[in-house]
A.B. asks: 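First the structure, then my questions, so here it is.
If you read the sequence from its start, that first residue is 1, and numbering goes on from there.
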Amino acid sequence: MIREYKTIKEIASPLMIVENVEGVTFDELAEIELPNGEVRRCKVLEVEQNRAVVQLFEAAQGINLKESKVRFLGHPLELGVSEDMLGRVFNGMGEPIDGGPAIIAEEHRDINGLPMNPAARAYPAEFIQTGVSTIDGLNTLVRGQKLPIFSCSGLPHANLAAQIARQAKVLGEGENFAVVFAAIGITFEESEFFIRDFRRTGAIDRTVVFSNLANDPAVERIATPRMALTAAEYLAFEKDMHVLVILTDITNYAEALREVSAAKKEVPGRRGYPGYLYTDLAQMYERAGRRVGKAGSITMIPILTMPEDDKTHPIPDLTGYITEGQIILSRDLFRKGIVPPVDVLPSLSRLKDKGIGVGKTREDHAGTMNQLFAAYARGKEAKELMTILGEAALSDDDKLYAKFADAFETRYVAQGNETNRSIEETLTIGWELLSILPERELKRIKPEYIEKYLPKKQG
């Protein structure tokens with residue numbers, strides 16, 4: 001039921017107070033009609049007795065308090081969904097911006113979604129190939145997982161996001177795969193980079209893009225990831241597709257949340273962020289997963305830049321609690337010219353063991369992964385020792401480990417943003433690197449796999 005009022009009391013952008021309202025509910029969508037007929041959208045943030053606090057999606061400029069009308073529409077912000085969304089580009093409010101026709105919606109869905117019943121969740125278990133060795137080989141992404149990328153300002157996380165979006169796929173015949181890409185609070189140049197890259201490689205045909213620019217309203221920034229997840233839920237659980245959702249940059253989302261919270265004069269929490277930042281992020285992240293009885297799945301890669309490169313900052317800290325691991329990008333590796341600069345030692349995928357092995361990747365995956373981790377860690381220690389004491393202080397084995405660490409960074413990690421490696425290629429490169437070490441050092445791999453896969457054994 002639509003209710004209309006001309007009782008705007010006060011505007012403090014982006015908030016507006018409307019008095020003498022009845023039957024208005026939290027999160028309800030509303031419209032403001034200006035005297036000249038222009039209509040702007042907003043939503044209800046708070047209701048107290050007969051007063052509603054409304055959040056504007058656009059600028060407050062030109063709103064006349066006495067003459068403007070507010071209509072409450074009786075439903076929350078919704079997205080019209082259809083399979084025709086694939087290959088299209090939308091703004092943060094779900095409106096097409098690629099010059100194409102409007103989407104003919106099969107249904108309209110509340111962008112806040114519904115919580116997934118824990119009993120209806122299926123455990124993530126299938127491998128997703130991203131074509132990036134440091135992820136596929138060492139921090140494997142599993143269908144239904146939430147695996148964030150922690151970056152720093154100035155690092156090429158946008159290039160890595162675009163690379164994963166265009167290369168990612170599920171192995172097996174007849175599997176429908178789609179990517180939902182949400183760019184939150186980015187510059188126009190970054191937005192154009194993503195769209196051009198997807199069109200250049202043809203990845204746009206299986207991708208739905210939501211692009212929210214830095215000069216768009218903060219409220220739109222908060223809606224953008226929810227729009228993307230609503231589209232993903234429809235494709236995954238109604239159209240049985242395996243959907244990879246990439247959200248970049250979550251830090252911009254949290255900043256918008258802080259801006260709106262400050263406008264509402266809420267009591268701030270850590271670093272000025274609202275006390276409900278954890279639950280807000282959790283409501284978003286927990287929409288990923290697999291459902292019992294449904295063929296489709298939603299896998300999520302949120303990307304965030306850590307303010308001041310600080311892993312203990314509230315945004316990466318809380319994200320780490322909710323998600324199943326993290327991929328960390330390193331400024332030191334980037335300075336060495338290594339792209340993508342993934343720092344494998346502090347990175348972690350908590351579900352990697354569930355997506356590898358016979359029938360998923362290959363029988364030797366677990367052993368080689370553990371051996372590469374151990375060898376690289378020892379190689380870095382040997383290099384640090386060499387810096388302090390000189391090469392003469394190292395044993396012959398330590399010199400081999402130092403050589404291994406250098407080769408690992410230049411061959412395994414530094415694959416560039418245009419190279420798409422299959423899991424077999426990634427495992428083969430791993431074995432070639434392990435052949436630098438004496439066979440007696442390969443203690444984490446079964447002897448039969450050494451016999452079968454080690455290059456020296458094959459002559």
Side-chain angles (χ1 to χ4, degrees), residues 1-81 90-97 102-103 105 107-114 184-185 210 212-227 229-230 253 255-267 274 276 280 283-284:
M1 176 180 152
I2 297 175
R3 298 167 300 284
E4 193 169 279
Y5 299 91
K6 289 179 75 174
T7 53
I8 301 173
K9 171 74 173 172
E10 182 186 338
I11 295 179
S13 186
L15 303 182
M16 178 174 72
I17 295 174
V18 185
E19 293 191 322
N20 303 323
V21 299
E22 289 182 6
V24 174
T25 58
F26 170 73
D27 221 28
E28 187 174 339
L29 194 63
E31 292 178 343
I32 308 163
E33 186 178 328
L34 276 56
N36 64 1
E38 183 187 348
V39 175
R40 298 179 189 174
R41 292 199 292 176
C42 52
K43 74 170 183 176
V44 177
L45 275 191
E46 196 176 300
V47 181
E48 187 179 336
Q49 296 176 346
N50 65 344
R51 174 183 289 194
V53 178
V54 178
Q55 186 175 28
L56 301 166
F57 288 141
E58 298 162 70
Q61 189 175 358
I63 298 177
N64 183 307
L65 297 187
K66 289 186 179 178
E67 299 300 322
S68 299
K69 294 183 283 190
V70 181
R71 279 192 296 273
F72 294 94
L73 304 181
H75 61 79
L77 189 56
E78 294 178 334
L79 175 68
V81 291
F90 303 87
N91 66 11
M93 300 303 290
E95 297 159 345
I97 55 171
I103 296 291
E107 60 179 286
H108 288 81
R109 293 192 166 198
D110 178 358
I111 66 164
N112 296 300
L114 289 171
I184 307 163
F210 291 86
N212 165 259
L213 300 181
N215 62 343
D216 290 329
V219 184
E220 184 176 314
R221 199 124 51 249
I222 295 170
T224 303
R226 289 175 168 78
M227 290 279 178
L229 286 161
T230 302
Y253 169 83
E255 296 288 351
L257 208 62
R258 179 166 68 174
E259 184 181 327
V260 172
S261 174
K264 289 164 67 179
K265 297 185 173 141
E266 293 175 333
V267 177
Y276 51 80
D280 193 277
Q283 284 171 354
M284 201 161 62

A.B. asks: Would you tell me whether Asp216 and Asn91 have side-chain atoms, one donor and one acceptor, within less than 3.5 Å of each other?
C.D. replies: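 On atom types as modelled, these side chains do not qualify, holding no pair under 3.5 Å.
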A.B. asks: Can you tell which of Leu257, Val267, Val260 makes a side chain to side chain contact (heavy atoms under 4.5 Å, CB included) with Pro274?
C.D. replies: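 Exactly one candidate clears the test, Leu257.
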A.B. asks: Classify the ring geometry between Phe72 and Tyr5 as parallel (under 30°), tilted (30 to 60°) or perpendicular (over 60°).
C.D. replies: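 It falls in the perpendicular class, over 60°.
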A.B. asks: Answer yes or no: is there a side-chain heavy-atom contact under 4.5 Å between Lys264 and Gln55?
C.D. replies: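 Result no, sub-4.5 Å side-chain heavy-atom pair not found.
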A.B. asks: Within a strict 4.5 Å, meaning less than it, do heavy atoms of the Glu67 and Lys6 side chains meet?
C.D. replies: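 Answer yes - side chains close enough.
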A.B. asks: Testing the basics here: between Gly92 and Thr224, what is the closest heavy-atom pair and its distance to 0.1 Å?
C.D. replies: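 Heavy atoms of Gly92 and Thr224 come nearest at CA-OG1, 3.3 Å.
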A.B. asks: What is the minimum heavy-atom distance between Asn212 and Pro217, and which atoms define it?
C.D. replies: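 Smallest heavy-atom distance, with atoms named: ND2-O, 4.4 Å.
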A.B. asks: With side chains defined as the heavy atoms from C-beta onward, is the minimum distance between Asn50 and Glu22 less than 4.5 Å?
C.D. replies: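 Counting from C-beta outward, Asn50 and Glu22 never come under 4.5 Å.
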A.B. asks: Calculate, to the nearest 0.5 Å, the distance between atoms CD1 and CE belonging to Ile222 and Met284 respectively.
C.D. replies: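 So the gap between those two atoms works out to 10.0 Å.
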A.B. asks: Please report the interatomic distance CE(Met16) to CD1(Ile32), rounded to the nearest 0.5 Å.
C.D. replies: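 Separation between the atoms: 3.5 Å.
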A.B. asks: Hey, which of Glu78, Glu31, Lys43 is the one that makes side chain to side chain contact (heavy atoms under 4.5 Å, CB included) with Leu73?
C.D. replies: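 Testing Leu73 for a side chain to side chain contact (heavy atoms under 4.5 Å, CB included) against Glu78, Glu31, Lys43 leaves exactly one candidate, Glu31.
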A.B. asks: Rounded to the nearest 0.5 Å, what's the gap from CG on Leu79 to CD1 on Ile111? Could you check?
C.D. replies: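 Rounded to the nearest 0.5 Å, the CG-CD1 separation comes to 8.0 Å.
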A.B. asks: Looking at every non-hydrogen atom in both residues, tell me the closest pair between Thr230 and Asp110 and how far apart they are.
C.D. replies: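 Between these two residues, the closest heavy atoms are OG1-O, 3.9 Å.
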A.B. asks: What's the shortest heavy-atom distance between Pro96 and Ala102, and which atoms?
C.D. replies: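 Looking at all heavy atoms of both residues, the closest pair is CG-CA, 4.1 Å.
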A.B. asks: Rounded to the nearest 0.5 Å, what separates atom CG in Asn215 from atom CD in Glu220?
C.D. replies: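 That separation rounds to 9.5 Å.
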A.B. asks: Taking atom CD1 of Ile63 and atom CG of Leu34, what is their separation to the nearest 0.5 Å?
C.D. replies: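 Rounded to the nearest 0.5 Å, the CD1-CG separation comes out at 5.5 Å.
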A.B. asks: Nearest heavy-atom pair of Cys42 and Leu29: which atoms, and what distance?
C.D. replies: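 Heavy-atom minimum between the residues: O-CD1, 3.3 Å.
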A.B. asks: Atom CD of residue position Glu95 - does it have more than 12 heavy atoms of other residues, nucleotides or ligands inside 6.0 Å?
C.D. replies: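 Above 12, so yes.
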A.B. asks: Can you give me the closest heavy-atom contact between Leu15 and Ala263, atom names plus distance?
C.D. replies: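 Closest approach of Leu15 to Ala263, heavy atoms only: CD1-O, 3.3 Å.
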A.B. asks: Mind checking whether Arg3 and Val24 have side chains closer than 4.5 Å, heavy atoms only?
C.D. replies: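 Yes, close enough: below the 4.5 Å cut-off.
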A.B. asks: Could you walk me through whether Tyr253 and Asp280 pass the side-chain hydrogen bond (donor to acceptor under 3.5 Å, both in side chains) test, one step at a time?
C.D. replies: CA-CA 11 Å; Tyr253 169 83; Asp280 193 277; 2.2 Å; yes
A.B. asks: Indicate yes or no: at least one non-hydrogen side-chain atom of Arg40 is less than 4.5 angstrom from one of Phe57.
C.D. replies: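 They are not in side-chain contact.
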A.B. asks: Report yes if the side chains of Arg41 and Leu77 come closer than 4.5 Å at any heavy-atom pair, otherwise no.
C.D. replies: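 Of all side-chain heavy-atom pairs linking Leu77 with Arg41, at least one is under 4.5 Å.
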A.B. asks: Say you draw a straight line from CD of Glu33 to NZ of Lys69; how long is it, rounded to the nearest 0.5 Å?
C.D. replies: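 Glu33 atom CD to Lys69 atom NZ measures 4.5 Å (nearest 0.5 Å).
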A.B. asks: Are the side chain of Glu19 and the backbone N or O of Arg51 linked by a donor-acceptor pair below 3.5 Å?
C.D. replies: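 No.
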